[in-house]
Amino acid sequence: MNLDRPKKTVIVQEYRLDTALVQVFENYMVVTFDEGATLTLERAYQIIGISEIHFRDRNFGYISLRRNPFAVDPTVYSYLRQLENLKAFAIVSIKEIDMHNFKIEKMFYKKPMKFFIEYDNALAWVKQRVRLK
């Protein structure tokens with residue numbers, strides 16, 4: 001159960017938001033929310049804004065690295081699925097509750113979304129999905 005990223009990757013930009021750390025890489029972003037945070041529409045707009053800065057004219061993937069428990073307002077997914085260039089949405093966690101929550105979240109997102117226990121597997125899937133499109 002490896003939740004750590006490989007050491008070779010280069011972070012293009014890092015943002016510390018009020019309740020999350022957003023790390024932007026060449027064609028994907030990794031977001032880690034603080035314990036007890038809630039992903040609201042307002043916070044989603046911050047992340048969408050970051051994606052527009054870095055990926056405005058090209059495809060990208062999103063990895064939710066769920067080290068800490070946090071809540072998600074499911075209406076956020078109706079806005080995220082409108083991002084035409086977001087080609088892959090991966091959730092990485094070893095917690096059983098996150099696996100259950102994923103099934104619910106997936107019903108709201110309705111685009112390519114996958115759950116992973118290993119970060120490396122999530123990253124490989126995201127990179128492949130971004131390349132395909």
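In this text, all values refer to a predicted model and were calculated from it rather than measured experimentally.
Here the side chain of N27 pairs no donor or acceptor atom with the backbone of F60 at under 3.5 angstrom. Judged by distance alone, the side chain of K111 and the main-chain N or O of R81 form a donor-acceptor pair under 3.5 Å. Remark: the backbone N or O of K114 is not paired with any side-chain donor or acceptor of K106 at under 3.5 angstrom.
Here the CZ-CZ distance, from F116 to R66, works out to 13.0 Å after rounding to the nearest 0.5 Å. To the nearest 0.5 Å, atom OH of residue Y28 and atom CG of residue L86 are 15.0 Å apart. The CG atom of L17 sits 11.0 Å away from atom OG1 of T32, with the distance rounded to the nearest 0.5 Å.
A 4.5 Å side-chain heavy-atom check between M99 and I117 finds at least one atom pair inside the cut-off. Counting heavy atoms from C-beta on, the side chains of L65 and V31 never come closer than 4.5 Å. Considering only heavy atoms from C-beta on, N68 stays 4.5 Å or farther from F33 through its side chain. The closest side-chain heavy-atom distance from Y62 to I47 is below 4.5 Å. The closest side-chain heavy-atom distance from I11 to V24 is not below 4.5 Å. With contacts defined as side-chain heavy-atom distances shorter than 4.5 Å, the pair M29/I63 does not qualify. Taking 4.5 Å as the limit, some side-chain heavy atom of L80 sits within range of a side-chain heavy atom of F89. For the pair S64 and F70, the minimum side-chain heavy-atom distance is below 4.5 Å.
E52 CD: more than 12 foreign heavy atoms inside a 6.0 Å radius.
Below 30°, between 30° and 60°, or above 60°: for Y79 and Y45 the angle between ring planes is above 60°, a perpendicular geometry. Using bins of under 30°, 30° to 60° and over 60° for the plane-to-plane angle, the ring pair Y15/H54 lands in the perpendicular bin.
Considering every non-hydrogen atom in both G61 and V126, the closest pair reads CA-CG1, 3.6 Å. K87 and N59 make their closest contact through CE-OD1, 3.4 Å (heavy atoms, listed as atom of the first residue, atom of the second, distance). Taking every heavy atom of both residues into account, A122 and V92 meet most closely at CB-CG2, 3.4 Å.
Each salt bridge (Lys or Arg N to Asp or Glu O under 4.0 Å) pair with one or both residues in residues 20-41, not counting sequence neighbours, appears once here: R16-D34.
Under the rule for a side chain to side chain donor-acceptor pair (under 3.5 Å), T38 has no partner lying at least two apart in sequence or in another chain.
Using a 4.5 Å cut-off between side-chain heavy atoms of Ile, Leu, Val, Met, Phe, Trp and Tyr, with links allowed through other members, M107 and L39 fall into the same hydrophobic cluster.
Between R43 and D73 there is no salt bridge, since no side-chain nitrogen of the basic residue lies less than 4.0 Å from a carboxylate oxygen of the acidic one.
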